[in-house]
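For reference, positions follow the sequence shown, starting with 1.
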Amino acid sequence: MEASSSGWLVSSLVYLGAAVIAVPLARRLGLGSILGYLGAGIAIGPWGLDLAGDAEAMLHFSEFGVVLMLFLVGLELEPKRLWALRRPIFGWGSVQLLGSAALVAGAAMLLDGAPGRMALIAALGLALSSTAIGLTELAERNLKGTAAGGGVLGVALLQDIAAIPILALIPLLAGVPREAVHADGWAGWPAALRAALVIGGVVLGGRLLLRPALRWSARSRTPEVFTAASLLLVVATAALMQVAGLSMALGAFLAGVLLADSEYRRQIETDLEPFKGLLLGLFFMAVGMGVDFAVVMQRPLALAVVVVVFVSLKALLLTAMTVPMKLPPAERPVFVLLLAQGGEFGFVVFQAAAQRGVMDAGTASLLVAAVALSMALTPLLLKASDRWLCPRLARQRERGELPVMEEPQQAPVIIAGFGRYGQVVGRLLAAQGLAATVLEHDADQVETVRRFGWRVFFGDATRLDLLRTAGAEQARVIVLAIDDVAQSLAVVDVVKQHFPQLQVVARARNVTHYYGLRARGVTLIERETFDAALASARSVLELMGYDRDYARHQAQRFREHSVELLEQMAPHFRDEQRMIAMARQGREQLEALWAREREEREEALAAALAEARKGSATEAAPPPAPAAAPSQPPAAG
C-alpha cells in the first residue's frame with residue numbers, strides 16, 4: 001500500500017512538474033501550450049530522462065480529456081446550429097476522409113508497392129486528424145466561431161462517426177471468418193441496431209432526464225456536488241457509447257448538444273473546463289512520451305518520406321476544398337494545417353491492424369511514429385504560417401485588400417463587431433461627427449461593409465495587442481456588438497483587466513448573455529431584440545384601437561418595469577427556482593397594477609358620462625368633454 005501510494009505521488013510530481021516548467025517556457029518562446037506539453041512528454045519519456053511510467057496507460061487515461069473537450073464543444077452548439085452544420089459534417093467531412101484515403105493509398109501502392117489491404121488501412125488511419133490538437137488550437141486562437149472553425153469541427157465529427165466502420169474493416173481485411181466478426185460485435189445488423197438504440201436512448205434520455213437530474217443536484221446548493229454530477233453525466237454517456245462499440249467522444253458531444261440550450265450550460269462549462277484542460281495536457285504529454293525514437297533512428301528517411309507524403313497529399317486536397325467551401329483566404333492555412341496532420345485515433349487503427357495481421361509490427365510502429373511526428377509538427381507549421389503566410393493572405397482578397405490595422409489609432413470610441421447592430425451605432429456616431437475605430441472578425445463582412453464606404457479593420461477584438469493598436473489605452477468607450485456570446489464576454493474580460501478606464505456599452509444576445517455581462521460589472525447593456533419587440537407590441541395596441549400616445553406610454557412603462565425586474569433577478573441567475581418565482585411575481589404585479597388602472601379609468605369615464613347625461617336632462621349648458629390623460633385609451637369598438 002505504501003509503495004503504491006509512493007508511486008502515485010512520484011508520477012504526479014513528474015507529470016505536474018514537467019508541465020509547469022515546459023508549458024510556460026514554450027508559451028514565452030511563442031510556441032504555444034501544445035508544443036510545451038509534447039516537449040514535456042518527450043523529456044520525461046523513455047527516450048528522455050525516463051522519469052514517467054507507462055505512456056500507453058497514461059494515453060488511455062488522458063483520452064478522457066478529448067471526451068470532455070467534445071462535450072464542451074457540444075454545449076456551444078444548439079440543435080439548430082448542429083443541423084446547420086450537416087453539410088460540413090457529412091459533405092465536406094466525407095470528401096476529406098475518402099479523398100485523403102484514396103490519395104494516400106494510391107501513393108503507398110505506387111511508391112512502396114504495398115499490398116492493397118495494407119495500403120487501404122494505412123491510408124484510412126492517416127486520413128484521420130487530431131481532434132484534440134485541432135479544437136485546442138481553434139480555442140486558443142478564438143477561431144471556433146469562424147468559417148474555418150466550423151469546417152474543422154464538421155470534419156472532426158465525421159471522423160469520429162467513421163471510427164467504427166474503419167475498425168470494422170480490419171478483421172474483414174484480415175480474412176477473419178464471418179462468425180468471428182459477428183462475435184466481436186464490429187459488424188452485422190445486430191451491432192448496427194444496438195448502436196442505433198443507444199444513440200436513440202441518449203437523445204431521449206437527454207431530453208427527459210438530464211435537466212431534472214441537474215436540477216436535483218443544483219438544489220443541494222453544494223457546488224462540488226453539481227460538479228460531480230456534471231462529470232458523472234459525461235462519464236456515463238461515454239461509458240454507454242463505449243459499451244455499444246461507439247466513439248466515447250461522439251457520445252459526449254451528443255450529450256453536450258442536448259444541454260446547449262439548458263439554463264445550466266454556463267455553470268457546467270465553468271466546472272468542467274479545468275478538468276478538460278488538465279486531462280488534455282496529460283494527453284499531449286502521453287503522445288510525446290509515446291514517440292518511438294528507435295524507429296526514428298533506424299528508419300529516418302522512410303519516416304520523413306511517410307510524413308511528407310501523407311501530410312502533403314492531405315494538404316493539397318484540403319486546399320482544393322477551401323474554394324468551394326468559400327473559406328476566407330486568411331482562414332485557409334489554419335483549416336488546412338489542422339486537418340492535414342495525423343490523429344490520435346490512428347494509433348488505435350494501426351495497433352488493431354498489427355494485431356490482426358493486416359500489417360507487420362514494424363510498419364505499424366513506423367506509421368504510429370509518423371502520426372505522432374505530424375502532430376508535434378503541426379503547432380510549428382501554424383507558427384510559421386502565422387509569421388509568413390497569414391499576413392499576406394489577410395491583405396489579399398478577390399476584390400481587394402483587407403485593411404489590417406498597422407498604425408496606432410486615436411479615436412475616442414472603439415466598435416467591436418460591425419454587423420447589423422454595430423452599423424446602427426456607427427451610423428449615429430458618424431452623423432454626430434464622432435470618430436470610431438471599427439474592428440470586425442469576419443473577413444466577408446469587412447469586405448461587404450467596405451463596399452458601402454465604411455472604414456473597418458479586420459481583426460479579433462479579444463487580442464490584447466490589437467486593442468492596444470486600436471487605441472484602447474486612450475479611448476473612452478468600447479461598444480461590444482459581437483454576435484458570438486463567448487467572444488463578447490472574452491473581450492469584456494480583456495478590457496476590464498487591461499483598460500479599466502474604458503466604459504463598456506454592450507449588446508446582449510439574450511438574457512443569459514445579459515447576466516454574463518452584468519457579472520463582469522457591465523451596466524450599459526441593451527438586449528438586441530427587446531426594443532424591436534416593444535415597437536411591434538405598440539403597433540398591435542394601436543391597431544386594436546388604442547391611442548398612439550397611450551400605446552407609446554405603456555410600452556415605455558413596460559420597458560422600465562422589465563429592466564428593473566431583470567436587475568433584481570441578476571444576483572440570483574444561477575438559482576432557477578428563485579428566478580421563476582421572481583419572474584412570475586413581477587408579471588403578476590404588473591398585470592394587477594394595470595388592471596386597477598383600467599378599472600379606475602372605466603369608473604372615471606362612467607362618472608363623466610353620468611354627469612353629462614344629468615346636465616342634459618336639466619337643460620344646462622353643454623357638458624364639457626372628459627379630459628383624456630396621455631395614458632387613457634379611447635373606448636375601443
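Taking the side chain as every heavy atom from C-beta outward, Leu337 and Glu137 never approach each other to under 4.5 Å. Residues Leu338 and Leu382 are in side-chain contact: their nearest non-hydrogen atoms beyond the backbone lie under 4.5 Å apart. Side-chain contact between Thr462 and Asp493: absent, with no pair of heavy atoms (C-beta onward) separated by less than 4.5 Å. For the pair Ser365/Phe350, no side-chain contact is recorded, criterion being any heavy-atom separation below 4.5 Å from C-beta on. Using a 4.5 Å cut-off on side-chain heavy atoms (C-beta onward), Met321 and Leu318 make contact. Contact check for Val95 versus Val155: no side-chain heavy atoms found under the 4.5 Å cut-off. Using a 4.5 Å heavy-atom threshold, the side chains of Leu97 and Leu128 count as touching. In this structure, the side chains of Leu313 and Ser100 stay at 4.5 Å or more apart for every pair of heavy atoms.
Annotation: the span from Tyr37 atom OH to Ile133 atom CD1 amounts to 13.0 Å, rounded to 0.5 Å. Distance check: Thr131 OG1 to Leu157 CG gives 8.0 Å after rounding to the nearest 0.5 Å. Note: Ile415 CD1 to Leu439 CG = 9.5 Å, rounded to the nearest 0.5 Å. Between atom CG of residue Asp484 and atom NE2 of residue His441 there is a gap of 9.0 Å, rounded to the nearest 0.5 Å. Put simply, CD on Gln159 and CD1 on Ile89 are 12.0 Å apart, with the number rounded to the nearest 0.5 Å. A distance of 9.0 Å separates OG1 of Thr319 from CZ of Phe335, quoted to the nearest 0.5 Å.
Smallest separation of non-hydrogen atoms from Thr437 and Ala470: OG1-O, 3.9 Å. Of all the heavy atoms in Val371 and Leu126, the pair that sits closest is CG2-CD2, 3.7 Å. Shortest non-hydrogen contact noted between Gly417 and Ala481 is O-CB, 3.6 Å. Contact between Val306 and Ala370 at its shortest, heavy atoms only, is CG1-CB, 3.7 Å. Nearest heavy atoms, Ser312 versus Val308: OG-O, 2.6 Å. When all heavy atoms are compared, the tightest approach of Met285 to Ala18 is CE-CB, 3.9 Å.
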**Request:** Go through the steps for Ser488 and Arg509 under the test side chain to side chain contact (heavy atoms under 4.5 Å, CB included), then give the verdict.
**Result:** CA-CA 10 Å; Ser488 171; Arg509 291 292 303 272; over 6 Å; no

**Item:** Residues Gln96, Leu158; criterion side chain to side chain contact (heavy atoms under 4.5 Å, CB included); working and verdict
**Value:** CA-CA 9 Å; Gln96 184 277 327; Leu158 187 279; over 6 Å; no

**Prompt:** Yes or no on side chain to side chain contact (heavy atoms under 4.5 Å, CB included) for Leu124 and Val349, after CA distance, side-chain angles and deciding distance?
**Reply:** CA-CA 9 Å; Leu124 287 171; Val349 171; 5.7 Å; no

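For Ser385 (side chain) and Leu381 (main-chain N/O), no donor-acceptor pair under 3.5 Å exists by modelled atom type. With hydrogens and angles disregarded, no donor-acceptor distance shorter than 3.5 Å links the side chain of Gln487 to the backbone of Ala461. Using modelled atom types, one side-chain atom of Glu331 and one backbone atom of Ala148 make a donor-acceptor pair closer than 3.5 Å.
Put simply, the residue from Ile42, Leu38, Ile44 that forms a side chain to side chain contact (heavy atoms under 4.5 Å, CB included) with Met289 is Ile44.
For Thr322, there are no side-chain hydrogen bond (donor to acceptor under 3.5 Å, both in side chains) partners two or more places apart in sequence or in a different chain. Evaluation of the side-chain hydrogen bond (donor to acceptor under 3.5 Å, both in side chains) rule for Arg299 yields no partner, not counting sequence neighbours.
With hydrogens and angles left out, the side-chain atoms of Gln409 and Thr469 include no donor and acceptor closer than 3.5 Å. In this model, no donor atom of one side chain and acceptor atom of the other lie less than 3.5 Å apart for Gln341 and Ser374.
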